[in-house]
Amino acid sequence: MTLTLTVSDEVRTLAPGFTHVAIEAHGLVNGPSTDASSTLLDDAARRLAVRLDGRAPHEDPHMVAWRDTYTAFGSKPSRTRNSAEALAKRALTEAGLPRINVLVDVYNAISVAHLVPVGGEDLDRIRGGMRLVRATGAEDFVTVAGGEETVEHPDAGEVVWCDDAGVTCRRWNWRQGPRTRLTEQTTSAIFLLECLSPMTAAAAGAAGAELAELLEKFSPGAQITVR
């Protein structure tokens with residue numbers, strides 16, 4: 001069954017230029033990072049450096065738009081960077097991008113190469129549909145701190161992704177909860193590419209198409225739907 005994704009009117013008012021590309025995939029094969037997924041990340045870092053041409057990631061127009069949006073809902077963008085900016089910053093360091101697992105490596109590579117926030121959620125761990133809303137502050141966000149599971153609550157007005165069981169990602173695309181993240185056992189997933197103006201629909205579509213192609217490459221035979 002296709003996952004339902006809903007963006008609230010409050011979020012659309014806050015960010016009228018927001019759009020997203022969703023890729024639903026079943027029959028995926030995941031596992032530890034490989035030489036191929038590692039090469040993909042290195043290539044993404046090179047593509048990023050060419051794209052930025054000496055600028056810092058936060059100076060890219062798409063990242064400027066995300067910083068403005070974070071400020072609009074009360075978050076400090078220099079402290080809580082959107083996921084694409086945070087990854088891009090790491091990609092340009094000597095240490096480079098982290099290697100997590102094949103599926104995460106693949107979507108992180110797309111995020112860095114196209115400078116667009118990309119998230120991946122395990123469909124078998126999602127409860128009900130997913131909703132992008134402005135939080136009341138009472139919602140539960142289950143995370144891990146100091147090796148112990150703990151429950152946090154978003155700030156009132158903060159933009160969050162949630163399902164019927166609670167918040168899945170805080171501050172729009174800043175921190176994903178461990179409950180729905182992609183593990184080596186994941187076989188079904190939803191990938192979200194999140195875009196603000198000035199990123200065009202054509203550019204978003206190209207990034208989504210590249211991600212779909214890579215998923216097919218790393219999981220031959222997977223059922224992949226782009227919407």
Side-chain angles (χ1 to χ4, degrees), residues 3-22 24 57-58 62-90 98 100-101 103-104 107-108 111 116-186 188-196:
L3 178 73
T4 301
L5 296 169
T6 305
V7 179
S8 72
D9 290 341
E10 285 186 320
V11 172
R12 293 200 181 279
T13 298
L14 175 76
F18 172 67
T19 187
H20 65 265
V21 175
E24 189 165 333
H58 70 265
H62 193 209
M63 297 299 94
V64 170
W66 275 108
R67 282 190 164 223
D68 289 345
T69 300
Y70 268 48
T71 300
F73 66 78
S75 289
K76 295 182 178 180
S78 58
R79 180 182 299 173
T80 54
R81 295 178 175 86
N82 75 79
S83 62
E85 184 184 325
L87 275 176
K89 187 176 175 66
R90 293 187 69 171
I100 308 297
N101 58 54
L103 290 178
V104 175
Y107 81 70
N108 278 350
S111 177
V116 58
V118 183
E121 307 281 349
D122 190 319
L123 281 173
D124 292 329
R125 297 174 180 271
I126 295 292
R127 299 294 173 256
M130 288 183 63
R131 302 177 297 280
L132 187 64
V133 302
R134 299 198 71 174
T136 66
E139 298 88 348
D140 288 343
F141 177 70
V142 180
T143 186
V144 175
E148 299 287 335
E149 186 175 283
T150 184
V151 178
E152 299 177 354
H153 303 282
D155 299 327
E158 180 183 324
V159 177
V160 297
W161 278 103
C162 61
D163 66 1
D164 291 351
V167 173
T168 59
C169 194
R170 285 199 60 189
R171 295 196 175 99
W172 205 316
N173 46 40
W174 167 64
R175 177 178 292 169
Q176 182 185 29
R179 171 170 61 90
T180 60
R181 67 180 48 156
L182 304 187
T183 70
E184 293 180 15
Q185 289 70 49
T186 297
S188 296
I190 187 81
F191 300 89
L192 289 175
L193 296 82
E194 300 185 294
C195 316
L196 294 172

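In what follows, every heavy atom counts, from backbone to side chain, and hydrogens, waters and symmetry copies are set aside. Values in this document were obtained by computation on a predicted structure and should not be read as measured data.
Residue Ser188 comes nearest to Thr186 through the heavy atom pair O-CG2, 3.5 Å, listed as atom of the first residue, atom of the second, then distance. Annotation for Leu182 and Asn101: closest pair O-ND2, 3.1 Å, computed over non-hydrogen atoms. Of all non-hydrogen atoms in Arg127 and Ala165, the two that sit nearest each other are CG-CB, 3.9 Å. Contact record, Arg125 with Asp163: O-OD2, 4.2 Å, taken as the closest heavy-atom pair. Taking both residues in full, the closest heavy atoms of Ala84 and Asn82 are given as N-OD1, 3.0 Å, listed atom of the first, atom of the second, then distance.
Proximity of Thr6 to Met130: side-chain heavy atoms (C-beta onward) are nowhere separated by under 4.5 Å. Counting heavy atoms from C-beta outward, Thr71 and Thr69 have side chains that stay 4.5 Å or more apart. Val167 has its side chain within reach of Pro154: a pair of non-hydrogen atoms, C-beta onward, lies under 4.5 Å apart. Counting only heavy atoms from C-beta outward, the side chains of Val118 and Asn108 never approach each other to under 4.5 Å. Under the 4.5 Å side-chain criterion, counting only non-hydrogen atoms from C-beta, His62 is in contact with Leu196. Residues Val133 and Val7 are not in side-chain contact: their nearest non-hydrogen atoms beyond the backbone lie 4.5 Å or more apart. Looking at Leu3 and Leu123, their side chains come closer than 4.5 Å, going by heavy atoms from C-beta outward.
Salt-bridge formation is detected for the pair Asp155/Arg171: a Lys NZ or Arg NE/NH1/NH2 atom is positioned less than 4.0 Å from an Asp or Glu carboxylate oxygen. A salt bridge is defined here as a Lys NZ or Arg NE, NH1 or NH2 lying under 4.0 Å from an Asp or Glu carboxylate O, and Arg179 with Asp140 fails to meet this definition.
Proximity of a side-chain donor or acceptor of Thr183 to a complementary backbone N or O of Gln185 within less than 3.5 Å is detected. Side-chain atoms of Glu139 come within 3.5 Å of backbone atoms of Gly137 as a donor-acceptor pair (strictly under, hydrogens ignored). Without hydrogens or angle criteria, Thr80 side chain to Pro77 main chain gives no donor-acceptor distance under 3.5 Å.
Considering OG of Ser8 and CZ of Arg131, their distance stands at 10.5 Å, rounded to 0.5 Å. Taking OG1 of Thr168 as the start and CD1 of Ile126 as the end, the distance is 5.5 Å to the nearest 0.5 Å. Considering CG of Asn173 and CG of Leu192, their distance stands at 10.0 Å, rounded to 0.5 Å. Of the inter-residue distances, the one linking Ser83 atom OG with Tyr107 atom OH reads 8.0 Å to the nearest 0.5 angstrom. How far CZ of Arg134 is from CG of Asp9: 13.0 Å, rounded to the nearest 0.5 Å. Distance SG/Cys162 to CZ/Phe141: 12.0 Å, rounded to 0.5 Å.
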*Apply side chain to side chain contact (heavy atoms under 4.5 Å, CB included) to the pair Val144 and Thr150, showing each step before the final yes or no.*
CA-CA 6 Å; Val144 175; Thr150 184; over 6 Å; no

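In the displayed structure, Arg67 atom CZ is contacted under 6.0 Å by more than 12 heavy atoms of other residues, nucleotides or ligands.
The one candidate from Glu194, Glu121, Gln176 that meets the side chain to side chain donor-acceptor pair (under 3.5 Å) condition with Trp161 is Glu194.
In this structure, a donor-acceptor pair under 3.5 Å is absent between the side chains of Thr180 and Asp122.
Taking the six-membered ring where the residue is Trp, Phe73 and Tyr70 present tilted rings, their angle falling between 30° and 60°.
Residues that satisfy the side-chain hydrogen bond (donor to acceptor under 3.5 Å, both in side chains) test with Arg81, not counting sequence neighbours, are Glu85. Phe18 meets the ring-ring contact (aromatic ring centres under 6.0 Å, His included) test with His20, Trp172; sequence neighbours excluded.
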